[in-house]
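This report concerns only the one structure given below.
Note: hydrogens, waters and symmetry copies are ignored here, and every other heavy atom, side chains too, is used. Atoms within each ligand, like the ligands themselves, are counted from 1 in listed order. Sequence positions, counted from 1, serve as the residue numbers for this chain.
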Amino acid sequence: MDKGIKYDGYLSEKELAGAPGVPSIDQLNVKPLAVIECIEPIPCNPCERACPFSAITIGDSIWNLPVLDANKCKGCGACIPSCPGLAIFVVDMNYSSTSALVKIPYEYFPLPKEGMEVDCLNRKGEAVTKGRIHSVKTTATFDKTYIIGIEVNKKFAMEVRNIRM
Ligand code: SF4
Ligand code: SF4
């Protein structure tokens, strides 16, 4: 059984289930949403200001964990590059009848190219499936962070959090 990020270096299922920024599977089945995998109380809040729809709340104490309002979230991904911990993703469970689109922050070179097939890694860094690069995006405001969109079989949508070329 996974003990959690302090012991294993990656989030356990229990930590994910208790994170106020992680929407439920029922909510994810309705529309694309941010998945904020932030579970350690640290003094940090740029994600709150990055959301143009006020869907992320940290509140008065900067030590609070980010809370996602799934009703307000549009799945736009503007919050992804704002997180210094690379802890924010967007998951579109219904990209097609069989595949999901997972958007991840990416700060490595070389960058993948659209259409490329890649290994998709889980939070432990293990390859769990193959995926196809859907998009590679950045802007001046992303501060050198890219957003990589990966099309994966939907059963891996809540596992895939990185790629290997
Ligand atoms: S995906 Fe867009 S709407 Fe949703 S929390 Fe992030 S910035 Fe806000
Ligand atoms: S920016 Fe990232 S690390 Fe900071 S509070 Fe938001 S999700 Fe957590």
Side-chain angles (χ1 to χ4, degrees), residues 2 4-96 99-108 120-125 131 133-152 154 156-163:
D2 298 332
I5 196 160
K6 283 188 185 150
Y7 302 95
D8 300 319
Y10 55 86
L11 279 76
S12 67
E13 293 298 323
K14 189 174 169 193
E15 285 170 327
L16 279 171
V22 175
S24 68
I25 295 297
D26 285 348
Q27 290 171 321
L28 283 161
N29 280 333
V30 174
K31 61 178 184 172
L33 289 172
V35 177
I36 307 173
E37 299 187 357
C38 181
I39 57 103
E40 291 193 290
I42 53 171
C44 185
N45 67 357
C47 56
E48 182 178 45
R49 281 175 282 129
C51 179
F53 302 102
S54 303
I56 302 174
T57 303
I58 289 190
D60 291 339
S61 171
I62 197 170
W63 293 86
N64 290 343
L65 294 178
V67 178
L68 180 75
D69 183 335
N71 292 321
K72 291 183 180 174
C73 179
K74 312 276 186 210
C76 68
C79 52
I80 293 176
S82 74
C83 175
L86 307 182
I88 307 182
F89 310 86
V90 166
V91 172
D92 178 356
M93 278 288 189
N94 297 304
Y95 180 67
S96 79
S99 63
L101 187 63
V102 179
K103 293 183 179 175
I104 66 168
Y106 199 76
E107 295 185 336
Y108 305 104
C120 297
L121 313 182
N122 64 12
R123 296 179 188 84
K124 301 181 195 177
I133 299 298
H134 164 272
S135 50
V136 179
K137 294 199 171 135
T138 194
T139 71
T141 58
F142 286 8
D143 195 23
K144 301 193 175 87
T145 299
Y146 285 75
I147 297 178
I148 308 290
I150 319 151
E151 186 179 353
V152 293
K154 58 173 75 189
F156 295 104
M158 289 307 281
E159 277 193 68
V160 169
R161 292 297 179 263
N162 207 340
I163 57 166

**Prompt:** Heavy-atom contacts under 4.0 Å between I56 and ligand 2: side chain, backbone, both, or neither?
**Reply:**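 It is neither part, as no heavy atom is under 4.0 Å.
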**Prompt:** Are any side-chain N or O atoms of K144 and backbone N or O atoms of T138, one a donor and one an acceptor, separated by less than 3.5 Å?
**Reply:**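 Checked: no pair found.
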**Heavy-atom donor-acceptor pair, D2 side chain to G4 backbone, under 3.5 Å** =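 No, because the side chain of D2 does not come within donor-acceptor range (under 3.5 Å) of the backbone of G4.
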**Message:** As an exercise, identify every atom of ligand 1 less than 4.0 angstrom from a heavy atom of F53.
**Reply:**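 Counting from 1, the qualifying ligand atoms are 3 (S).
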**Item:** P52 neighbourhood, listing ligand 1 atoms whose heavy-atom distance to it stays under 4.0 Å
**Value:**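 In order of number, 7 (S).
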Could you identify the single nearest non-hydrogen protein atom to [atom] and state the distance to 0.1 Å?
atom	answer
atom 5 (S) of ligand 2	C44 O, 3.4 Å
atom 4 (Fe) of ligand 1	C73 SG, 2.3 Å
atom 2 (Fe) of ligand 2	C83 SG, 2.3 Å
atom 6 (Fe) of ligand 1	C79 SG, 2.3 Å
atom 8 (Fe) of ligand 1	C51 SG, 2.2 Å

**Message:** Given I88, which partner from the list L68, I104, I36, V35 fulfils the side-chain contact (heavy atoms from CB on, under 4.5 Å) test?
**Reply:**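 Of the listed options, the one satisfying the test is I36.
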Minimum-distance pair of heavy atoms, taken over all atoms of [X] and [Y]:
X	Y	answer
P81	A78	CD-O, 3.5 Å
C120	I150	SG-CG2, 3.9 Å
L33	C73	CD2-CB, 3.7 Å

**Asked** Are P105 and C83 side-chain neighbours, meaning at least one heavy-atom pair lies under 4.5 Å?
**Response**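 Of all side-chain heavy-atom pairs linking C83 with P105, none is under 4.5 Å.
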**Request:** Report yes if some heavy atom in the side chain of Y95 is under 4.5 Å from a heavy atom in the side chain of H134; otherwise report no.
**Result:**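 Counting from C-beta outward, Y95 and H134 do come under 4.5 Å.
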**Heavy-atom gap A87 to ligand 2 smaller than 4.0 Å** =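 In this structure, A87 fails to qualify as a contact of ligand 2 - no heavy atom is under 4.0 Å.
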**Request:** Just jot down the ligand 2 atoms closer than 4.0 angstrom to any heavy atom of I36, in number order.
**Result:**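 Every atom of ligand 2 under 4.0 Å from some heavy atom of I36: 7 (S).
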**Option of least heavy-atom distance to atom 3 (S) of ligand 1 (set: K103, E48, K72, K74)** =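 Answer by nearest heavy atom: K74.
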**Prompt:** Can you tell me if an N/O/S atom from C38 lies under 2.8 Å from atom 8 (Fe) of ligand 2?
**Reply:**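 Coordinating: yes.
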